[in-house]
Amino acid sequence: MKIDLGGGVRIELRRVDGELHGVVYWHECFGKTRANWIAIHPWSHTGWDLLCEDPLTLHPSIRCRLCGHEGEIRDGRWIPALK
Ligand SMILES: [Zn+2]
């Protein structure tokens, strides 16, 4: 189930045995909808820290390497980075 976080970002939670292992996030990237994978620590050694699962809060911020789209997921919402 996709969740709309606002700011043009949608996510889907991926669980394994009930544990949140990662988040797929979609954003508009050069006119196309692009999916990126956010791995959650400690399931991935280089993953994001899950500060809170509900409302979802991840650390650190998220940045698309292609288009520079940047922000963070905090309190279940997409907070765009200040430029
Ligand atoms: Zn992008």
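What you see below is based on every heavy atom in this structure, not just the backbone, and it leaves out hydrogens, waters and symmetry mates. Every number for a ligand or one of its atoms is a count from 1 in the order of the listing.
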Determine whether the aromatic ring centres of residues H69 and W78 are separated by less than 6.0 angstrom. yes
Any protein N, O or S atom under 2.8 Å from the Zn ion (ligand 1)? Found H27 NE2, C29 SG, C64 SG, C67 SG
Between E12 and R10, is there a side-chain N and carboxylate O pair less than 4.0 Å apart? no
With sequence neighbours excluded, tell me which residues meet side-chain hydrogen bond (donor to acceptor under 3.5 Å, both in side chains) with E28. T33
For H41, does its backbone N or O pair with a side-chain atom of W48 as donor and acceptor, under 3.5 Å? no
Got a salt bridge between R15 and E53, using NZ or NE/NH1/NH2 to carboxylate O under 4.0 Å? yes
Any donor and acceptor pair, going by atom type alone, linking the side chain of D4 with main-chain N or O of G6 inside 3.5 Å? yes
